[in-house]
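These numbers come from the heavy atoms of this one structure, side chains and all, not from hydrogens, waters or symmetry mates. Note on naming: letters A, B, ... go to the chains in the order of the sequence lines (proteins, then strands), and numbering restarts at 1 for each one.
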2 protein chains.
Amino acid sequence: MTATDAKLKKAERTRQRILDAALPLMLDGGYEKMTMRAIAKEAGLSPGAAYYYFETKEHIINAFYERTIIEHEQACRKILDEERNFAKRLRRCVTAQIEISRPYHEISADLFRVAADPNHPLSPFNEASRTVRERSMAIFAEIYRGSRSRVPKPLDAYLPGLLWLYHMGIVLFWVHDKTENQSKTDRFIERTVPLVINLIRLAKVPGFSRALKATLQLLDDFTWLKLATPKASTDKK
Amino acid sequence: MTATDAKLKKAERTRQRILDAALPLMLDGGYEKMTMRAIAKEAGLSPGAAYYYFETKEHIINAFYERTIIEHEQACRKILDEERNFAKRLRRCVTAQIEISRPYHEISADLFRVAADPNHPLSPFNEASRTVRERSMAIFAEIYRGSRSRVPKPLDAYLPGLLWLYHMGIVLFWVHDKTENQSKTDRFIERTVPLVINLIRLAKVPGFSRALKATLQLLDDFTWLKLATPKASTDKK
DNA sequence: GTCTATAATTCGATAGAC
DNA sequence: GTCTATCGAATTATAGAC
């Protein structure tokens with residue numbers, strides 16, 4: 001291990017320490033209570049040092065978000081390994097995200113606020129966050145590809161993006177869900193998954209192929225909806 | 001005119017002066033540059049006094065938003081007076097909102113950010129902003145009611161909310177539209193209005209009535225989507 | 001060069017005098 | 001209603017330690 005490696009390791013540990021210090025503060029009193037001063041104090045360093053690791057307070061929020069993406073990815077890998085039915089894969093993966101996020105529901109509005117600003121470098125619809133977004137979108141591509149279902153050719157290419165969008169809709173609903181333990185969201189998923197399945201079935205009816213193409217054409221305006229075609233595997237594991 | 005009235009008038013003038021001072025600052029350098037200090041200086045009063053008129057900086061943003069709602073209302077009144085065709089009414093009213101907002105496109109992200117926080121008192125989906133929201137939603141009720149078109153009974157009650165939601169979708173698209181003069185949004189409207197019309201037609205097909213009802217049932221979870229039934233006219237003009 | 005701490009700046013918001 | 005302090009918190013600048 002080189003000296004640089006050792007330092008990276010230490011830096012990464014410090015980074016995690018900051019995040020670990022920040023989360024309880026956030027859960028306690030929300031975004032306002034989670035001050036950089038308090039975080040730094042809790043993590044045992046100075047505010048200035050904390051800024052060395054996170055450009056702004058919002059970058060800390062973003063790190064929380066990335067953590068849940070990774071957790072979701074792992075949860076989905078398990079699900080997709082043992083389930084082949086498309087509807088069930090979809091329902092369980094969407095539910096998994098909600099389960100993972102449940103402890104953070106109270107603070108989700110703050111996470112969401114950052115996401116909503118289209119000019120914000122940390123917005124999930126932004127070019128800058130492409131990597132994270134595609135990682136999440138890839139899960140939804142896999143939900144379909146690994147299932148037994150097949151959709152008409154023109155829809156095929158758009159499906160991952162559309163499923164991801166559906167998933168974002170669920171999250172949006174969940175963020176707004178003020179019911180005890182967000183029980184409405186669970187019901188919402190139960191009801192909308194069959195709806196999605198039916199819509200896909202509808203796409204197979206030959207009479208709708210014209211309308212389908214017109215609709216899909218609209219989606220071309222959303223660049224962030226397209227999953228970059230995976231290059232030949234030059235990436236390392 | 002009583003003394004109180006005179007004071008109200010003066011207070012209102014001061015309020016407007018603050019807003020008029022704030023907007024150029026905002027257009028110039030965005031939300032950050034528009035500091036309460038700068039606004040106050042420009043409007044010729046102290047920061048403390050400015051806070052007398054606007055609880056927070058975000059309340060100033062909200063006032064901008066309300067201004068455009070009122071402008072949109074007036075624009076739509078004209079349109080709805082001279083046009084009876086449903087599709088055209090819809091397209092022109094939706095377009096009107098975009099036209100009115102065009103000068104503010106650069107700062108729209110900041111307006112939107114406030115809207116996105118579900119716990120924020122100023123969010124358009126919040127109970128607190130019901131009045132403003134319903135005012136806007138009432139326009140969409142009128143687009144339908146004053147037209148020659150009629151939809152199946154179950155859909156009828158939900159249509160205003162759904163049209164308003166469609167309108168919010170357009171705005172969302174527009175906020176994200178980085179093209180010159182937001183030309184993509186114009187195209188988006190041209191393409192989606194027929195889509196909406198077709199969806200409504202689809203709702204009339206007897207075979208879909210079951211699916212329609214299941215879909216509409218979902219909407220009951222969105223309390224903000226319902227337009228309060230207008231009370232007997234106790235409100236004054 | 002890679003971190004960390006301290007000091008200075010800026011800005012939103014508030015308290016209390018007039 | 002309006003002003004004059006001030007506070008507290010996010011950043012930023014800078015200088016120094018490893």
Side-chain angles (χ1 to χ4, degrees), chain A residues 1-19 21-22 25-26 28-64 107 110-111 113-114 117 120-122, chain B residues 2-26 28-64 107 110-111 113-114 117 120-122:
Chain A
M1 185 190 278
T2 70
T4 313
D5 276 347
K7 269 182 186 167
L8 276 176
K9 280 275 167 59
K10 187 187 168 220
E12 181 54 27
R13 271 205 310 278
T14 310
R15 226 185 104 92
Q16 292 303 327
R17 212 174 54 207
I18 291 172
L19 288 176
L25 285 167
M26 182 87 177
D28 206 36
Y31 188 71
E32 306 293 316
K33 180 82 167 293
M34 183 190 91
T35 68
M36 289 299 268
R37 283 168 163 78
I39 294 169
K41 194 178 202 175
E42 202 63 33
L45 32 69
S46 75
Y51 273 101
Y52 177 82
Y53 291 97
F54 293 95
E55 266 184 69
T56 72
K57 209 172 142 182
E58 283 175 347
H59 281 79
I60 293 183
I61 298 292
N62 192 243
F64 290 155
I107 63 169
D110 293 309
L111 298 174
R113 195 153 33 80
V114 173
D117 184 342
H120 200 290
L122 297 179
Chain B
T2 70
T4 313
D5 276 346
K7 270 183 186 167
L8 278 176
K9 282 272 166 63
K10 187 185 169 221
E12 182 54 29
R13 272 206 310 280
T14 310
R15 227 186 102 92
Q16 292 302 325
R17 209 164 35 140
I18 293 172
L19 288 177
D20 291 337
L23 189 53
L25 286 167
M26 182 87 177
D28 208 36
Y31 188 71
E32 305 294 315
K33 180 84 167 290
M34 183 190 90
T35 68
M36 289 301 270
R37 282 169 168 81
I39 294 169
K41 196 178 201 177
E42 202 63 33
L45 31 68
S46 75
Y51 273 101
Y52 176 81
Y53 290 97
F54 294 95
E55 266 184 70
T56 73
K57 207 173 145 182
E58 283 175 346
H59 281 79
I60 293 182
I61 298 292
N62 193 242
F64 291 155
I107 62 169
D110 293 309
L111 298 174
R113 195 152 33 78
V114 173
D117 183 341
H120 199 291
L122 297 179

In whole angstrom, give the distance that lies between atom [atom1] of [X] and atom [atom2] of [N].
{"X": "B:His59", "N": "C:dG12", "atom1": "NE2", "atom2": "P", "value": "15 Å"}
{"X": "B:Lys41", "N": "D:dT2", "atom1": "NZ", "atom2": "P", "value": "19 Å"}
{"X": "A:Phe54", "N": "C:dC3", "atom1": "CZ", "atom2": "C1'", "value": "15 Å"}
{"X": "B:Ile60", "N": "C:dG12", "atom1": "CD1", "atom2": "C1'", "value": "11 Å"}
{"X": "B:Lys33", "N": "C:dG12", "atom1": "NZ", "atom2": "P", "value": "13 Å"}

Which distance, rounded to the nearest 0.5 Å, do you find between the [atom1] of [X] and the [atom2] of [Y]?
{"X": "B:Asp28", "Y": "B:Met34", "atom1": "CG", "atom2": "CE", "value": "12.5 Å"}
{"X": "B:Ile107", "Y": "B:Lys33", "atom1": "CD1", "atom2": "NZ", "value": "13.5 Å"}
{"X": "B:Ile39", "Y": "B:Tyr51", "atom1": "CD1", "atom2": "OH", "value": "8.5 Å"}
{"X": "B:Leu19", "Y": "B:Thr14", "atom1": "CG", "atom2": "OG1", "value": "11.0 Å"}
{"X": "B:Glu32", "Y": "B:Lys57", "atom1": "CD", "atom2": "NZ", "value": "6.0 Å"}
{"X": "A:Lys41", "Y": "A:Leu25", "atom1": "NZ", "atom2": "CG", "value": "11.0 Å"}

Compute the bend angle of the helix from C:dG1-D:dC18 to C:dC18-D:dG1 from the end axes (five pairs per end), rounded to 10°.
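The helix from C:dG1-D:dC18 to C:dC18-D:dG1 shows an end-to-end axis angle of 10°.
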
Where do A:Ala22 and A:Ile60 come nearest, in terms of heavy atoms and distance?
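Looking at all heavy atoms of both residues, the closest pair is CB-CG2, 4.0 Å.
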
Could you tell me whether A:Glu55 atom CD has more than 12 heavy atoms of other residues or ligands within 6.0 Å of it?
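No - once you tally the heavy atoms of other residues, nucleotides and ligands closer than 6.0 Å, there are 12 at most.
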
Using OP1 and OP2 only, check whether a side-chain N or O of B:Lys10 sits under 4.0 Å from D:dT2.
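Yes.
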
Look at the side-chain N and O atoms of A:Tyr52 and state whether any lies under 4.0 Å from the OP1 or OP2 oxygen of C:dC3.
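Yes, such a contact exists.
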
Quick one: list whatever passes side chain to side chain contact (heavy atoms under 4.5 Å, CB included) with A:Arg15, sequence neighbours left out.
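A:Glu12, A:Tyr53, A:Phe54, A:Ala63.
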
For the side chain of A:Ala11, starting at C-beta, report the closest nucleotide among C:dT4, D:dT2, C:dC3.
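Per side-chain heavy atoms of A:Ala11, the pick is C:dC3.
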
Nearest to the side chain of B:Thr14 - D:dT11, D:dT2, C:dA5?
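Shortest atom-to-atom distance from the side chain points to D:dT2.
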
Treating primed atoms plus P, OP1 and OP2 as sugar-phosphate and everything else as base, which nucleotides of nucleotides 5-10 of chain D get B, S or - for protein heavy atoms under 4.0 Å?
----BB

With a non-hydrogen cut-off below 4.0 angstrom, is A:Tyr53 in contact with a base, only sugar-phosphate, or nothing?
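A:Tyr53: backbone/sugar contact only, no base atoms under 4.0 Å.
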
